Amino acid sequence: MISSIVLSTLGLASLAGAIAPPVRRSPCPNSDHYCCVWYEALDDLQANVFNDGQCIEEAHEALRMTFHDAIGFSPTLGGGGADGSIMAHADVELLDPANGNIDDIVNHLQPLAIKYPVSFGDFIQFAGAVGTSNCVGAPRLEFLAGRSNTSQPAPAGLIPAPFDNVTTILARMADAGFSPEELVALLASHSVAARDAVAHPSQHARPFDTTPDAFDAQFFVETLLVGIALPTGGNVVGESPSPLLGEIRLASDGLLARDPRTSCEWQSFVTDHTAMNAKFKAVMAKLAVVGQDVGSLYDCSEVIPMPKGFVSESAVIPAGKTMADIEGSCAGTPFPKLATLPGPVQPIPTV
Ligand code: CA
Ligand code: CA
């Protein structure tokens, strides 16, 4: 069965491509193993897109792209979910304003997705899992392969936007099969994220938390700090005032942190990095197969690198802020007492 699946995936994409052959550093367990192609793709991806396996902007964008491909699914409106449509039909789907600036990572990944005999849908989920593994403290995500390379453009309007209100976002996520708690877990991805706002140079590459290269719980604390008017924040559609110079707060993140439907799950991650990672891993596994026949996929999770290093189980209050700056929003459960980093407020560099 495995071999027939592998054969059916061969030849899905042409072998054309102008990227240099990878230096093979991740030996496949044996040369006819059905995951071997992914070991080759891993070396290529790490060397040529992620700058030798780093948690850089391209890694953040690859993770973002997994969501933007997969959430293009609705039982009533259509869309094939995690089917690679955002890459196959980039000319259509990237016109959706919610897919703003995704073109950058599409352009980086598409040549590799074509170079190897794999589907776009597989490659997008693979790149997201590998990119995540480059960030310290991240979970090792599952990776299933074998998606068809046939897709149709997803209808516009299925991707939640940062200027949407909470009711709209929760309804859209429910339509795609995700609970409010699962949405909060997905947003752990914003711990390694930055604004990709090329139209607003002062906003570009500004992170969502003080530690954009660490998959920690800082995002869940810093979104609850009182937002203040800052020279570089709060002026672009879909943003709200952030607490720290150089940090961006998406309007939707600020609202979800404080909404009674999501605030307690949000707060629960602040001192429980283990639960945050476990729930993120579980919801990413679900996201990666939206619209797919899971029974026809095969498990190549072994190819995803083991993330290096650890982060603290508990987040901290950033330097220059105090517990009094926290807008605790979970009714009935006080915000946990956190350590505060010493010293004055530190400007946050761009990613
Ligand atoms: Ca899709
Ligand atoms: Ca972080």
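The model shown is predicted, which means the values in this text are computed figures rather than measured ones. Because only heavy atoms are used, hydrogens play no part in the values below, and waters and symmetry mates are left out as well, while side chains stay in. Remember, it's 1-based here, ligands and their atoms both numbered in the order they're listed.
- At a threshold of 3.0 Å, the Ca ion (ligand 2) has a backbone or side-chain N, O or S atom of Asp216 nearer than that distance.
- Contact annotation: Glu93 places no N, O or S atom under 3.0 Å from the Ca ion (ligand 1).
- Gly81 lies close to the Ca ion (ligand 1), since one of its N, O or S atoms is found at a distance under 3.0 Å.
- To the nearest 0.5 Å, atoms CD1 (Ile124) and CG (Asp122) are separated by 9.5 Å.
- Note on Ser151: not counted as a metal contact of the Ca ion (ligand 1), no N/O/S atom lying under 3.0 Å.
- Sorting the N, O or S atoms of Asp83 by how far they are from the Ca ion (ligand 1) puts OD1 first.
- Ala214 lies close to the Ca ion (ligand 2), since one of its N, O or S atoms is found at a distance under 3.0 Å.
- A side chain to side chain contact (heavy atoms under 4.5 Å, CB included) with Glu313 is found for exactly one of Asp272, Asp216, Thr271, namely Asp272.
- Using a 30° and 60° split on the angle between ring planes, Phe280 and Phe215 fall in the tilted class, from 30° to 60°.
- The aromatic rings of Trp266 and Phe219 sit tilted relative to each other, their planes meeting at an angle between 30° and 60°.
- Angle O(Ser191) to the Ca ion (ligand 2) to OD2(Asp209), rounded to 10°: 90°.
- Taking the six-membered ring where the residue is Trp, the centroids of Tyr34 and Tyr298 are separated by under 6.0 Å.
- The Ca ion (ligand 2) has no N, O or S atom of Thr210 closer than 3.0 Å.
- Residues His68 and Glu93 fail the side-chain proximity criterion, which asks for heavy atoms closer than 4.5 Å.
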